[in-house]
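Working notes for the structure below.
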Amino acid sequence: MHLIDVGTGLSVLVQGHDWNLLYDAGSADDKSGNQSSGRSKSRVIAYLYAALGPSGAKKCVPDSDPWPVANLPERRIDHMVLSHPHDDHGSLMDDVFDCYAVANMWDSGAINDTVFYDRIIERVAAEQGLAYNTAVAPPQPPQIKVRKNHDLSGHTWRQFAEGDVIKLDDTASFTILHANGHAGGDFNENSIVIRMDLGSKSLLLVGDAESGPRELPSAALGDVEKHLVEHYPALIDTDILQVGHHGSKTSSRAEFVRHVSPEIALISGGPKKYQTVTLPDAEIVSFLEGEGIRVLRTDASDAAGCAVADRFGRDEDRPGGCDNYLLEW
Ligand SMILES: [Zn+2]
C-alpha cells in the first residue's frame, strides 16, 4: 500500500496481485490546473503513472517525464473510493477518470454542490462499464443534479450498506464499516470507512471521520468514531490506521485509537490551512506516539521545504513528493 504525498489532502493506493484500489485522490494545494505543456501536473497522476505504469492520453503523462509515452490503452483501476465530497479528497479524481478505466466507483452519495464534485459525477456518467456504488438508494430516473444534471441510466448503480464485504482475491477483501449518504451536517460525517483485510495485515481507512469538536484525545467519543466503537469494536482492530481528518483534534479520541490499536498510523497533512490550523495537530501526533504507535507523516519534510518541486516527479528512485510511504508485505 502507498500513502501518497499529495500535500494538503489524501490519497492511498492499495495493490494486490491482480487488483488495485484508490482511496481518495485530492489535494487543496496541487498545481495541476497550471498545464502549459499539455501534460499532467497532477500529483496523483504522476504517482499512478510510476506505480501502475503509463496509461492513456498525452495529458496523463507527468510533466516531469523526459521520455513521454502517450496514447496508450487505459490501465484499470478496480475500485476508486471518494471518502466524502470535499475537494482535498476528490479534486484530482477527474484526471484519474480521464487516464484510467475505473471499474467501480464508491461514493457516499451525499451531493456537494461544487465544481469539483460536478466534474466527478460528469466523469462517472461518461465512464464506460463503470459500476457506481452509493450509500443512498439509486433515484428513479437514475440522475444526479450537481451543477448540471447527469444521467446515469446506462450504468449499473448499486446501494451499499455497512457490513458489506467485497472480495478482491483469495486473501484480500474490504468491509464497509460506515455508510451515510445523507447530506445535512458536515460532509466529514459522510466519510466511507472501510476495513481492508490484506493477507496477514489489516488496514482501516476512515477519511475525515470525526468524534466532534477540536479537543484532546481524552475527550468523549462522538459522531462516526463513536458509531464505529459501538457497532464494530472487533472490526476496527487493525494493524494500520489512516488517521482521521489529517490528524486533527476533531478525531483520534483515545477510546477509538485504543480499540484500533494499530502498529502504524498514517497521517496525510500539508501546508495549507484548514480555517486557522495546519494539520496534523501536535497533540494528536504526540498522543499516537505515546501509545507506542509508529507515525508516518506526509508532511515530514514540509518545514524544511520539500525539495521535489510541486510534489510530483521522482523522489530519488521513487515517484511522488518528499514523503511517500510504500508498505509491502
Ligand atoms: Zn480532508
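Counting starts at 1 for both ligands and their atoms, in listed order. None of these values were measured; they are calculated from a predicted model.
Scanning all heavy atoms of the two residues, the minimum distance from Val206 to Gln242 falls at N-OE1, 2.8 Å.
Among the atoms of His86, none of the N, O or S atoms falls under 2.8 Å from the Zn ion (ligand 1).
Counting only N and O atoms by type, the side chains of His86 and Asp208 include no donor and acceptor under 3.5 Å apart.
Considering Trp19, Tyr100, Phe174 as possible partners of His79, the one that fulfils the ring-ring contact (aromatic ring centres under 6.0 Å, His included) test is Phe174. A side chain to side chain contact (heavy atoms under 4.5 Å, CB included) with Tyr132 holds for exactly one of Thr156, Ile121, Asn104; it is Ile121.
Seen from the Zn ion (ligand 1), atom OD2 of Asp208 and atom OD2 of Asp88 lie 160° apart in angle, a value rounded to 10°.
If you look at His89 and ask which of its N, O or S atoms sits nearest the Zn ion (ligand 1), the answer is NE2.
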